[in-house]
Amino acid sequence: VQLQASGGGLVQTGDSLRLSCAVSARWFSVLTLGWFRRAPGEEREFVSAITGSGASSYGDSVEGRFTVSRDSAKNTMPLQMNSLNSEDTAVYYCAAAQTNGLRAFPSGYPYWGQGTLVTVSS
C-alpha cells in the first residue's frame, strides 16, 4: 500500500482548504483510511478516519469543521477543511490499515504517506 498526501499550503484564518490522499492498493475498498497531523513540537494528533463502508470519525478539535470522504473510482481520500485557524497549522499525514473498524491511534496504521504542510496565518 502506498499513499501520497497533497493539497497543503498557506491560507488565512477562516479560509478553507481541501487535502487529498492518493492510495495505491490492490484492495482500496477494504482499507480503513486515516488523517493525522503533527504541529511543531507536538505529538501526532488524530484528525479523521473513514472505513471502507463509509463510517467516519473525527478528532474533537476538528469535529464540525472538517469532512472526510473517499472516492473509490479514483482511489483517493479527500479532507475538506473549513473555518481554519492557527491551531490547524501542522503537517498532515494520511494512513491506511487493512481493517473494517475505525482507528484513532497512529499505531493502528501500518501504512503512511509523506506529509503535506498546512499553514494558517492570522
Side-chain angles (χ1 to χ4, degrees):
V1 179
Q2 294 181 321
L3 306 100
Q4 183 165 348
S6 62
L10 173 63
V11 297
Q12 303 288 323
T13 296
D15 283 353
S16 297
L17 195 63
R18 187 176 180 89
L19 304 183
S20 185
C21 178
V23 182
S24 176
R26 188 170 185 177
W27 304 109
F28 175 82
S29 62
V30 302
L31 295 174
T32 286
L33 304 173
W35 284 102
F36 291 81
R37 67 186 183 185
R38 175 175 277 166
E42 301 290 333
E43 297 291 322
R44 245 179 316 184
E45 176 189 15
F46 172 69
V47 173
S48 183
I50 186 167
T51 66
S53 61
S56 61
S57 65
Y58 298 91
D60 290 343
S61 61
V62 306
E63 180 84 53
R65 299 188 297 122
F66 290 13
T67 303
V68 68
S69 58
R70 61 192 295 154
D71 185 333
S72 295
K74 298 179 180 179
N75 280 21
T76 61
M77 175 182 57
L79 180 69
Q80 178 66 39
M81 306 187 296
N82 298 330
S83 302
L84 288 164
N85 58 63
S86 59
E87 294 183 349
D88 296 316
T89 294
V91 177
Y92 285 71
Y93 300 89
C94 56
Q98 293 173 323
T99 180
N100 294 325
L102 291 165
R103 295 181 173 179
F105 295 96
S107 59
Y109 294 85
Y111 307 104
W112 290 83
Q114 92 296 346
T116 186
L117 176 63
V118 173
T119 304
V120 184
S121 65
S122 57

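Heavy-atom basis, side chains included; hydrogens, waters and symmetry copies ignored.
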Does the side chain of Ser61 pick up a donor-acceptor pair with the side chain of Glu45 at under 3.5 Å? yes
If only side-chain N and O atoms count, and only distance matters, is there a donor-acceptor pair under 3.5 Å linking Asp71 with Thr76? no
Just by modelled atom types, is the Ser83 backbone N or O under 3.5 Å from a matching donor or acceptor in the Arg65 side chain? yes
Say whether Val118 and Val47 are linked into one hydrophobic cluster, either directly or through other cluster members, by side-chain heavy-atom distances under 4.5 angstrom. yes
With side chains defined as the heavy atoms from C-beta onward, is the minimum distance between Leu19 and Thr116 less than 4.5 Å? yes
Is Arg44 positioned over the aromatic face of Trp35, cation under 6.0 angstrom from the ring centre and no more than 45 degrees off axis? no
Short side-chain to backbone donor-acceptor contact, Gln4 and Gly113, under 3.5 Å: no
State plainly whether one hydrophobic cluster holds both Leu3 and Leu117, where clusters connect Ile, Leu, Val, Met, Phe, Trp and Tyr through side-chain heavy atoms under 4.5 angstrom apart. no
Could you check whether any side-chain heavy atom of Tyr93 comes within less than 4.5 Å of a side-chain heavy atom of Pro106, counting everything from C-beta outward? no
Quick one: CG on Leu17 to CD on Gln12, what's the gap to the nearest 0.5 Å? 12.0 Å
Is Arg70 close enough and on-axis enough to Phe28, meaning under 6.0 Å and within 45°, for cation-pi? yes
Among Asp15, Leu10, Thr13, exactly one meets side chain to side chain contact (heavy atoms under 4.5 Å, CB included) together with Val120. Which residue is that? Thr13
Decide yes or no for Val30 and Gln98: does some side-chain heavy atom of the first lie under 4.5 Å from some side-chain heavy atom of the second? no
Once the angle between the rings of Tyr92 and Phe66 is folded into 0 to 90°, is it parallel (under 30°), tilted (30 to 60°) or perpendicular (over 60°)? tilted
Do the side chains of Tyr111 and Leu79 join up, straight or via other hydrophobic residues, at under 4.5 Å, putting them in one cluster? yes
If the plane angle is over 60° it's perpendicular, under 30° parallel, otherwise tilted; pick one for Tyr109 and Phe36. perpendicular
So how far is it from Leu33 CG to Cys21 SG, rounded to the nearest 0.5 Å? 6.5 Å
Rounded distance [0.5 Å steps], CG in Leu102 versus OH in Tyr58: 10.5 Å
To the closest 0.5 Å, what do you measure between CD (Glu87) and CG (Leu84)? 12.0 Å
Should Asp88 and Arg37 count as side-chain neighbours, where that means a heavy-atom distance under 4.5 Å? yes
CG-OG distance between Asn85 and Ser121, expressed to the nearest 0.5 angstrom: 11.5 Å
Can you find a heavy atom in the side chain of Met81 that is under 4.5 Å from one in the side chain of Arg18? no
Is the side chain of Thr51 donor-acceptor paired with the backbone N or O of Gly101 at a distance under 3.5 Å, no angle test? no
